[in-house]
Amino acid sequence: MNVELKQISFKRMNKDEFRKFSKWSVKNYADNLIKSGDEKFKFKARKAAKREFLDIFSNGAYSADNYIYIVVNEKNEKIGVIGYQKSPFEENTAFVTENVIKKEFRGKGYGKSAFIKLQEDAREKGFLKMVLNVFKHTPVSYSMYEKNGFKVIEDYGGSVIMEKWFVDEKN
């Protein structure tokens, strides 16, 4: 199925939006850890998810080197959340921290459009590549990343790390 790109925009989160997002994000990530088999006990998964979230967003929505956005469609509806951070492990690398489109807007090209815009945003900020973690139990996401030129560089069983260079590695 070839879905056309949608007219979307990004909006920075305010404090209230970030507070709501943080509660949802920690729960969602913990649920995905459990589904992937990376964490066997719910308590450990929630604790791990909260710890990772606080590491990434130590200063809330405006944490240094973080770019977290609300995805807005052509009708000005908030349809998802997407973002990345400057990788703490690799120079000039953007690490995707969130990429979620609300269920009622999936399969209509919004996710693809938002992800393409996210890559453009990272390139404009000077990043040379983008890295992400995707759970294997989310085949639609995995497929979208592959179609966008991402390649698997590490396999953890329940999830993989993928990367995409924005420029030729030799330059």
Got a salt bridge between [X] and [Y], using NZ or NE/NH1/NH2 to carboxylate O under 4.0 Å?
| X | Y | value |
| --- | --- | --- |
| K20 | D16 | yes |
| D121 | K117 | no |
| E77 | K102 | no |

Quick one: does [X]'s side chain get under 4.5 Å of [Y]'s, heavy atoms only?
| X | Y | answer |
| --- | --- | --- |
| Q85 | D65 | no |
| R106 | V100 | yes |
| N99 | L118 | no |
| E90 | K129 | yes |

Minimum-distance pair of heavy atoms, taken over all atoms of [X] and [Y]:
| X | Y | result |
| --- | --- | --- |
| M162 | F150 | CE-O, 3.6 Å |
| S113 | K6 | OG-N, 2.6 Å |
| A49 | A30 | CB-N, 3.7 Å |
| V134 | Y142 | CG1-CD1, 3.7 Å |
| N66 | I56 | ND2-O, 2.7 Å |
| A114 | I101 | CB-CD1, 4.5 Å |

Test log, rule side-chain contact (heavy atoms from CB on, under 4.5 Å), inputs Y69 and R12: CA-CA 5 Å; Y69 305 108; R12 289 299 296 237; 3.5 Å; yes

Chi angles and distances behind the side-chain contact (heavy atoms from CB on, under 4.5 Å) call for Y156, I161: CA-CA 8 Å; Y156 293 107; I161 301 292; 3.3 Å; yes

Distance from [X] atom [atom1] to [Y] atom [atom2], nearest 0.5 Å?
| X | Y | atom1 | atom2 | value |
| --- | --- | --- | --- | --- |
| I70 | I8 | CD1 | CD1 | 13.0 Å |
| E52 | S25 | CD | OG | 10.0 Å |
| Q119 | I82 | CD | CD1 | 8.5 Å |
| D31 | K27 | CG | NZ | 3.5 Å |
| K151 | W165 | NZ | CH2 | 15.0 Å |
| K125 | R123 | NZ | CZ | 12.0 Å |

Within a reach of under 6.0 Å around [atom1] of [X], are more than 12 heavy atoms found that belong to other residues, nucleotides or ligands?
| X | atom1 | answer |
| --- | --- | --- |
| K164 | NZ | yes |
| E91 | CD | no |
| K11 | NZ | yes |
| E120 | CD | yes |

K136 (side chain) donor-acceptor with G157 (main chain) under 3.5 angstrom: yes

Flag, side chain of S36 to backbone of L33, donor-acceptor distance under 3.5 Å: yes

Should [X] and [Y] be regarded as members of a common hydrophobic cluster, given that ILVMFWY residues are connected when their side-chain heavy atoms come within less than 4.5 Å of each other, either directly or indirectly?
| X | Y | result |
| --- | --- | --- |
| M13 | F53 | yes |
| W24 | V72 | yes |
| M144 | V152 | yes |
| Y67 | F21 | no |
| F10 | I79 | yes |

Taking the ring centre of each residue, are [X] and [Y] less than 6.0 Å apart?
| X | Y | value |
| --- | --- | --- |
| Y84 | F127 | yes |
| Y145 | F135 | no |
| F18 | F57 | yes |

Verdict with reasoning, H137 to N32, per side-chain contact (heavy atoms from CB on, under 4.5 Å): CA-CA 8 Å; H137 67 267; N32 277 307; 2.7 Å; yes

From CA spacing to verdict: side-chain contact (heavy atoms from CB on, under 4.5 Å), K50, Y29: CA-CA 9 Å; K50 187 168 188 166; Y29 186 55; over 6 Å; no

